[in-house]
Each structure stands twice: as C-alpha cells, then as structure tokens.
Amino acid sequence: MTEASILPLAAVLVSAVAMCLIIASYRYPNVREGWSVVAALTKFGIVASMLPGVMDGTTYYWSLSESLGIEFLAGIDFVLRADPLGMLFAMLASFLWIFTSFYAAGYMRGLDEHAQTRFFAAFAASLSTAIGIAFSGNLVTIFIFYELLSLVTYPLVAHNEDNEARIAGRKYLTYTFFGGGVFLLAGTVLVYWLTSSADPAGNAHLAFESGGIEMLSEAAAADPAIAQAAFYLLIAGFGVKAAVMPLHSWLADAMVAPTPVSGLLHAVAVVKSGAFGVARVILEVFGPGLIHDLPLNVPAIGEVGLNIPVAILAAFTLTAASIIAMRKDHLKRRLAFSTTAQLSYIVLGLSLLHPYAILGALFHIPAHAFGKLTLFFCAGAVHVETHTDYVSEMAGIGKRMPLTMSAFAIGAAGMAGMPLVAGFVSKFYMLIGSGSVGGGYWIFAAALIVSGILNIAYLWPVVYTAFFESEDRHDAKPVLEFPPGGKRESYFADEEYATDGGEKPESGHPQPAGDDDESESKGAGTPAELDDDEAYEYAVDKYPSDHTVSDDAADDDHHDHGGHDDAHDDHDDHHHGGPPAGGWARHTPLSESTWLMLVPISIIATGAVTLGVVPDYAVFLDLATYIVEGVFGVESFDELRGLSLAEALEVIDE
C-alpha cells in the first residue's frame, strides 16, 4: 500500500534548513551547534514516525508532479519514497547523526579548529543528501542525490586547507563525482532505453521494485548484452563510494579530514550510500532472479551468473584491504582500509543472492556503522587529548584513556566478528548463506573466515599495545606495523643485549649491530617510516599536546615545523604524540576527556553490543528480514530456511 505524504521530503529538508540557520548563527558557537543537535533530533523523529507504517506494509511517497504539477524529466518523476530498504539506511544515518553532533562539537573545540561554521553547515548538508539517497524512489532521483553528496562533502574532506587536504579533496571528487557519477548515469540511461523499448507505450520504468523492475526482466530477455552492461555500470557507479577495489584509494586519502567526518561520513553516510546503492541495484532494479538467469558467457569457462564477477571482486577486496591494513601504523589509515574491507562484506553478501547472505549483508550495514563509528570516535578522542595518531606510539595509553580504549576494544571485536557484538551476527548469516549456495561458492565462505582472522591481526595489536604494554618496554610487532623485516630494535631495554642481537650502547638504548654510522637509535616508539601516500599533515601537527608543553614551545612548534615527519622525529624538544617524559598520566574514565566526546563513544559502543546480544529486539534486523521477505515474495522468512540458492530462486518464480 502506498500513501502520499510530506514526511519523506521533510526528512530531507530539515537538515538543509538547519544548514542555513547554522550559517546565520556563525557569531554564536553554542547556538550554531545547537541547531545541529535540534536538526538531528528532528530528522530522526520524522524518520522514526514512518517506521511503524513501513513495517505494516505502507510506503510513504512524495511526488514532484503530483504535489506541484511540475514534470521533472520526460516520463520520469522526482519521487521520494520511504520503503523498508530506504528506512534501513535513513534510520541508521539519522540516529547516528544525533551523537555525532555532540562529538563533533567536542572535537572541533578541543582542537580549536578553524572554519567551524563551514564545517557544521557542510555536515548538515551531507546528512540532507544522505537521507535523499535513502528515500529516492527511482534511479534518476538517487543519481541526483548521489552526486550532490560528493559535492557537499568536499569541503569536509578538504577542511584543513593544506596541500594534502586539497589533493585528497580533488581525488575524492575525481573518483566519486566524476568517476562514480559517469558510471551511474550511463547505467541509468541503458535501463531507461531497455525499459522504454520494451514497454508498448514507450514509457521508461526506473522506479525501484522489490525483487527487481518487472519491465527490465522482459527487456533483458530481448537484449541481454545491453542489460549486462547496465548492471555492471550501475554496480561500478555505486562501487566507487563502496570503495571496492580498484576504485578504493580515495577513501584512505580522505582520512586527512577531521575525525567526525571520517566517522559519520566515511563509516556511515558516504560509503554506506555506495553499499546501499549496490543493494538497490541487486534487490530492486535487477533482482536476484534476473541476475541469476542472465548469465555471462566467459571464454574457456562457460556461463556464469552476473553476480559471480561482483562476488569475486568483493572477496578479493575484503582480503587484500585487510592485509594492507595490517601494514598501516597510522591508526586512521588502518581504519580506512578496514572500512574498505568491511564494505566488501556487504557487497559480497548481496552478490551471493542467497536469502541468508542477503540478510547478513543488510544487517552488516548498521553493524559496521556502530562498530566503525566507535573506532573512529576513539581514534579522534586520542587525537584530541594526546595528539597521538600512530599505533606504535600508543603503548600503555590504556591507563591514560581507559574508557576510550575499552570502547575501541568493543568496536574491534565487532569488526572481527567476535560473539556478543553486532559484527558477529551479520557475518554469521553471510557465512551460512555462502555455505548454503553449494558448488564452488565455498571459496567465498573461506574468504569470510580468512578476512575475520586478518581483522583480528590488524585490530588486536592496538588493544594489546594500549593495555598490555608499557611505555618503556613494548614490542615493535614488525610484521604488523613496520617495513618488511621490522625495525632494528624492539625495546627500550636495560638488558645487556638488544633483542636483535646488537649490544646495548652506553645511552641505555639498544644499538643495532653493524650500524656504526648511526649515532642515535630512535627506539620502538618512533612511528614507522611513512610511505609517500601517508605523508599527511593532520590538524594535530598545528596544535600542542596536552602534555607538558609550554605556550612558547607550542608557538615555536607551530611556526617551525613544516612537515609531518619532522613533528615525529624530535620528541625530546617538544611532544607531538606518544607518551610524554615519565609515561602516561593515569586518568579515570570520567576525567580522560570531555563529556561531549565520552558520552557519544559510550552510547555507540553500547549500541554495537546491543545489536550483537539482542539482535531480535533491534529494529535493523527486523527491517532487514522484512526486506528479504519482500524480495523473495514470502510472508515469513521461515519459508526460506534451509533452502539452497536454486530453491530460493524458484520461490521468486512462483
């Protein structure tokens, strides 16, 4: 049942209005940031008010032609529609924006960042376009909001206004606006041509339909090659923001942005819009049945379903990105490659087409959002309070920030798929789905298991370093954090011999054997050598640490330090990350940071646990289940239990 309503439009416009109010209140920071909170609460209230009706089978829509009598495009209307899949994304983004609004205020004030009005205005605009993507009713509408999202988030990516930020911003636009937009537009044009050619009246069919656009199925039978091209163009267009390899490199570079941007936009809104778009294409444009029945003829192999190349690429991405993440010493860049891997879990689950795999993929959208947002929030809090960004500098930091690093441990457990955290539930469903397909699909189950092990390998060292190592004795973990072969020393040790066999120098620091020309050893606390693509100057390099740095020293540092490497090579003169002289000061959970940052971290981490412990009581799992039931045309998900992929697809045909 459909019902005309102003609510989908109101949900989109509320943050657009807030953007204007934020700009108008630029002289009054408390009022300015208050508008962000009010808009977030209002947006979530509007979205949540539609949830009961959507769960009862009602689809709320707003049409430009019906409401204002304006024809948008020839035969194509501008439609906003609140359906189950759109509600899944909209509920997630609007709910998390509430807590990110508080966190962003604490973060920006903690670093005394510049251009805060522009930041909060662009943030509000980003949420407006994200909800527009969620509630888009057809391919043309989602294309418009998809491109707008790239434009309004550019000021956030380039916020620091230094050379690295501008380069990252240009790369971001090149990939997401020009690259992804062109692919998406081309795929939309092909679907328009296919459906209008097949329709006797010549009308195009671009509106999303649960289980796939019916007219597209008829058109694909007459011209399968064009349909195949349309499918891959649409997947590529959305795959750019989903950071599927080889379209992923913009994401790691965009980590130069402030951490609230990395958190909500690069763990929820931007990257999730790509994964959400892939879900729209697979579930509501082509549909699992058409994708499976429209085989691709591969030379020397034979016919394979359209989904197989997508699944292979996703499996490769989640494995390769996990391996790359192990090699990143900078925490935010490690989390960036983790995001690349985790998004491919969603793409892989959707492309397997099995009901359980699709259910797991859809539930992984909120599961990943809660877990990864927790990790980014924690990284940002450490950044603000200690100016520490490198894993190799975090030994013992757990006593300085016990609540923050405990929350980080929860988020890390979720990303690794450990029980009692949200990530376990979603990955378990995907694992069941990949194992139930049969045939050669076992390799995708193996990829899920291997990637889970790799997740532990690159996230556990952060937790271990924080809680189980001390500042003066910590393992460099060369396989995970340093160049091949590792550093020449692993400890600040008092033993007679260094751990690599070199003799201890008189200074008390281990001196590598055979390195006569090296007059000074840097020790294990020094960050790994930076690759060219990691030589970014973050906002932390412009501000002093909270540890024993005088105002004069801070001023000297601000003016004299021109590069990121310099800021980390001279820890004796002024502290730029890592433990200060004498080690970390012990803090209680309530004194380690401001409530503006600690409360959001605690709530989001608690949400990640809630989704893992009682998923049946979480609205996101109910929505995901309802979406799968609609795609396969069954009254209850119980009808799909125990079915193979072939049997499940027969249910669609019936």
Side-chain angles (χ1 to χ4, degrees), residues 164 168 249 251-256 259 262 320-341 372 375-376 378-383 386-398 400-401 404-405 408 411-412 415 454-471 473-492 499-500 521-541 545 563-571 575-579 584:
E164 289 79 14
S249 65
L251 180 60
D253 290 347
M255 291 301 109
V256 72
T259 300
S262 305
S322 298
I323 294 173
I324 295 172
M326 293 168 58
R327 295 278 297 109
K328 296 301 177 184
D329 189 35
H330 195 285
L331 182 56
K332 279 182 65 176
R333 292 185 72 84
R334 183 176 297 197
L335 295 179
F337 281 99
S338 171
T339 297
T340 300
K372 187 55 62 68
L375 295 179
F376 273 120
C378 293
V382 171
H383 179 100
T386 72
H387 290 189
T388 300
D389 294 306
Y390 292 87
V391 178
S392 57
E393 292 183 331
M394 293 184 180
I397 201 172
R400 168 63 178 84
M401 307 194 72
T404 298
M405 296 313 299
F408 190 97
M415 294 301 93
L454 294 174
N455 290 339
I456 297 173
Y458 66 73
L459 288 174
W460 172 248
V462 183
V463 180
Y464 181 84
T465 298
F467 286 111
F468 302 105
E469 293 185 336
S470 61
E471 300 90 324
R473 291 176 58 88
H474 83 273
D475 185 1
K477 290 179 285 298
V479 175
L480 301 182
E481 298 171 359
F482 287 92
K487 305 265 311 167
R488 296 298 298 272
E489 68 277 3
S490 294
Y491 292 98
F492 287 116
T499 54
D500 64 352
S521 178
K522 292 168 73 173
T526 305
E529 293 296 326
L530 293 174
D531 299 329
D532 290 339
D533 67 334
E534 294 190 49
Y536 286 93
E537 181 183 4
Y538 288 78
V540 65
D541 295 322
S545 171
H564 187 80
D565 293 337
D566 292 340
H568 289 275
D569 283 344
D570 190 2
H571 285 62
H575 182 70
H576 258 285
W584 300 110

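Here the structure is a predicted model, which means the values were calculated and not measured.
- Counting heavy atoms from C-beta on, the side chains of K328 and L335 never come closer than 4.5 Å.
- Residues forming a side chain to side chain contact (heavy atoms under 4.5 Å, CB included) with S338 (at least two apart in sequence, or on another chain): Q342, K372, Y458.
- Across all non-hydrogen atoms, the minimal contact from E393 to W584 is O-CZ2, 3.7 Å.
- Between T339 and L251, the shortest heavy-atom contact is CG2-CD2, 3.8 Å.
- Listed by chain and residue number, T319, S322, I323, M326, V450 satisfy the side chain to side chain contact (heavy atoms under 4.5 Å, CB included) test with L454 (two or more places apart in sequence, or in another chain).
- No side-chain heavy atom of M405 sits under 4.5 Å from any side-chain heavy atom of V463.
- Under the side chain to side chain contact (heavy atoms under 4.5 Å, CB included) criterion, A381 pairs with M401, T404, M597, I601, not counting sequence neighbours.
- Here the OG1 atom belonging to T386 is positioned 4.0 Å from the CD1 atom belonging to I397, to the nearest 0.5 angstrom.
- Between V391 and L331, the shortest heavy-atom contact is CG2-CD1, 4.2 Å.
- Nearest heavy-atom pair, I456 versus P461, reported as atom, atom and distance to 0.1 Å: O-CD, 3.7 Å.
- A distance-only check finds no donor-acceptor pair linking the side chain of D389 to the backbone of H330 [under 3.5 Å].
- Between M394 and T388, the shortest heavy-atom distance links the atoms CG-CG2, 3.8 Å.
- In this structure, F376 and K332 approach most closely via the heavy-atom pair CE2-O, 4.3 Å.
- A salt bridge links R333 with D253: the closest approach of a Lys/Arg side-chain nitrogen to an acidic carboxylate oxygen falls below 4.0 angstrom.
- Using cut-offs of 30° and 60° for the angle between ring planes, the F468 and W460 rings count as tilted.
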